[in-house]
Undergrad: 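First the structure, then my questions, so here it is.
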Amino acid sequence: MDPENQSLCDRWHNPWTEDVVAVIPVANDPVQGLFRREVPAQVSERTTTFQFDLFPYYENPLVGEERFQAYSPQPIYQAAELFKLTVATADLQQDTPTIGDVHLCWSRMGPWLPWMKMGDRPGYLIYSATGCKALTVEDLPSLLQAQLERLPQYREAPSEYREGADMTSWLYFQEHFEAYLEGAQFPLT
């Protein structure tokens, strides 16, 4: 978002490098997984909060290609993602396929995104977000509704596990690097 007028930003002026670069919103489709352990929960009479923390650590898929040196030369991708999901305890005791009232808290600390063109400059990004489950598209902010008009593939969540590897922002950048250099509007349709 543009901090001046709260509109969607498709270009970003990097204050450290003075470059103007195309913004690539997260378009990681799919990202899915199974919990292979119990998820800790704080249970009270009124609410239950599930907490799960993820610490991704893997080889950076952009390393080794000269064309990505100015974007993401670090050999390892490492981050921390901290999630809390809060629901009414009574809703967990109902026999329903979904819970309508869900509140989310998400924090993340990770490396510069490749599209920011920060190269090997020291530093990292900190994300902090809260939200709740929208029951219909009409419950979303108008800016997101407009994006869903342009990107209808994001209107419905998949109903089942999809085969294939998860998409990351680094893989997406690699896959669409030429469109990025051409200044395309992201996410691509």
Side-chain angles (χ1 to χ4, degrees), residues 8 10 22-41 48-65 68 71-72 76-87 91-92 94-116 125 127 129-141 143-180 182 184-189:
L8 195 60
D10 64 349
V23 173
I24 301 181
V26 173
N28 299 351
D29 183 23
V31 173
Q32 54 194 356
L34 301 171
F35 288 106
R36 302 201 190 292
R37 59 179 172 82
E38 289 194 17
V39 176
T48 297
T49 299
F50 297 95
Q51 177 179 331
F52 54 99
D53 301 334
L54 306 174
F55 302 95
Y57 181 91
Y58 51 82
E59 287 185 27
N60 177 353
L62 304 180
V63 165
E65 290 191 55
F68 297 124
Y71 301 93
S72 183
I76 299 294
Y77 172 90
Q78 183 175 9
E81 298 204 43
L82 315 171
F83 294 86
K84 291 177 182 64
L85 297 168
T86 301
V87 299
D91 286 350
L92 292 174
Q94 305 298 317
D95 185 20
T96 62
T98 187
I99 294 176
D101 192 16
V102 180
H103 296 270
L104 164 75
C105 178
W106 171 68
S107 300
R108 178 176 190 258
M109 191 164 125
W112 305 115
L113 293 163
W115 63 261
M116 297 173 84
L125 298 171
Y127 307 70
T130 58
C132 59
K133 182 177 182 177
L135 298 177
T136 68
V137 170
E138 293 72 33
D139 293 335
L140 293 170
L143 183 127
L144 288 177
Q145 289 183 46
Q147 285 298 296
L148 290 174
E149 289 297 318
R150 192 175 83 77
L151 303 159
Q153 68 268 33
Y154 293 105
R155 284 185 70 92
E156 298 285 331
S159 60
E160 57 190 31
Y161 189 86
R162 292 174 20 201
E163 292 302 318
D166 284 351
M167 181 59 72
T168 70
S169 294
W170 276 248
L171 291 171
Y172 189 88
F173 185 78
Q174 182 181 51
E175 185 177 318
H176 300 291
F177 186 61
E178 296 306 319
Y180 167 84
E182 293 166 4
Q185 183 182 5
F186 285 89
L188 300 173
T189 54

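Remember, predicted model here, so these are calculated numbers, not experimental data.
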Undergrad: Please enumerate all residues that pass salt bridge (charged side-chain N to carboxylate O under 4.0 Å, His left out) together with Asp29, with sequence neighbours excluded.
TA: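 Here the qualifying residues are Arg162.
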Undergrad: As an exercise, state the distance from NZ of Lys133 to CG of Asp139, rounded to the nearest 0.5 Å.
TA: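 Separation between the atoms: 11.5 Å.
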Undergrad: Take the angle between the ring planes of Phe52 and Phe83 and call it parallel below 30°, perpendicular above 60°, tilted in between.
TA: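 Judged by the thresholds at 30° and 60°, the geometry between Phe52 and Phe83 is parallel.
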Undergrad: Could you report the tightest heavy-atom contact between Met167 and Ala27, atom names first, then the distance?
TA: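 That closest heavy-atom pairing would be CG-O, 4.1 Å.
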Undergrad: Checking side chain to side chain contact (heavy atoms under 4.5 Å, CB included) for the pair Tyr172/Val26: CA distance, chi angles, key distance, verdict?
TA: CA-CA 9 Å; Tyr172 189 88; Val26 173; over 6 Å; no
Undergrad: Search all heavy atoms of Ala184 against all heavy atoms of Leu188 and return the closest pair with its distance.
TA: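 Closest approach of Ala184 to Leu188, heavy atoms only: CB-CD2, 3.8 Å.
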Undergrad: List the steps and the verdict of side chain to side chain contact (heavy atoms under 4.5 Å, CB included) for Thr130 and His103.
TA: CA-CA 7 Å; Thr130 58; His103 296 270; over 6 Å; no
Undergrad: To the closest 0.5 Å, what do you measure between OG (Ser72) and CD (Glu65)?
TA: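 Ser72 OG to Glu65 CD: 11.5 Å, rounded to 0.5 Å.
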Undergrad: Answer yes or no: is there a side-chain heavy-atom contact under 4.5 Å between Pro187 and Arg150?
TA: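 The answer is yes; the side chains approach within 4.5 Å.
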Undergrad: Count the heavy atoms of every other residue, nucleotide or ligand shown that sit under 6.0 Å from CZ of Phe55, and state whether that count exceeds 12.
TA: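 Enclosed.
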Undergrad: So which heavy atom on Thr86 is nearest to which on Thr49, and how close?
TA: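 Result for this residue pair: OG1-OG1, 2.9 Å.
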Undergrad: So how far is it from Thr168 OG1 to Tyr58 OH, rounded to the nearest 0.5 Å?
TA: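 Answer for the OG1-OH pair, Thr168 versus Tyr58, is 4.5 Å.
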Undergrad: So do the side chains of His176 and Ile24 get within less than 4.5 Å of each other, counting heavy atoms only?
TA: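 No, their side chains stay 4.5 Å or more apart.
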Undergrad: Classify the angle between the aromatic ring planes of Phe186 and Tyr180 as parallel (below 30°), tilted (30 to 60°) or perpendicular (above 60°).
TA: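 Phe186 vs Tyr180 ring planes: tilted.
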Undergrad: For the atom pair CD (Glu59) and CD1 (Ile76), what is the distance rounded to the nearest 0.5 Å?
TA: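 Taking CD in Glu59 and CD1 in Ile76, the distance rounds to 5.5 Å.
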Undergrad: Under 3.5 Å, which donor-acceptor pairs do the side chains of residues 152-161 form with other protein atoms, sequence neighbours left out?
TA:
none

Undergrad: So which atom in Gly164 and which in Gln32 form the shortest heavy-atom distance, rounded to 0.1 Å?
TA: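 Where Gly164 meets Gln32 most closely, the heavy atoms are O-NE2, 4.4 Å.
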Undergrad: If I compare all heavy atoms of Asn28 with all of Ser169, which pair ends up nearest, and what's the gap?
TA: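 In this case the closest contact between Asn28 and Ser169 is OD1-N, 3.2 Å.
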Undergrad: Looking at Ala41 and Thr48, what are the two nearest heavy atoms and their distance?
TA: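 It is CB-CG2, 4.0 Å.
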Undergrad: Is there a donor-acceptor contact under 3.5 Å from the side chain of Asp91 to the main chain of Asp101?
TA: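 No.
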Undergrad: Parallel, tilted or perpendicular for Phe68 and Phe173, by the 30°/60° rule?
TA: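 Answer is tilted, since the angle falls between 30° and 60°.
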Undergrad: Would one find more than 12 heavy atoms of other residues, nucleotides or ligands at under 6.0 Å from atom CD of Glu138?
TA: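 It does: Glu138 CD has more than 12 such atoms within range.
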Undergrad: For side chain to side chain contact (heavy atoms under 4.5 Å, CB included), just list the numbers for Phe177 and Leu62, CA-CA rounded to whole Å, side-chain angles, deciding distance to a tenth of an Å, and then say yes or no.
TA: CA-CA 11 Å; Phe177 186 61; Leu62 304 180; over 6 Å; no
Undergrad: Under the criterion side chain to side chain contact (heavy atoms under 4.5 Å, CB included), I'd like the reasoning laid out for Trp170 against Leu113: C-alpha separation, chi angles, the key distance, then a yes or no.
TA: CA-CA 8 Å; Trp170 276 248; Leu113 293 163; 3.8 Å; yes
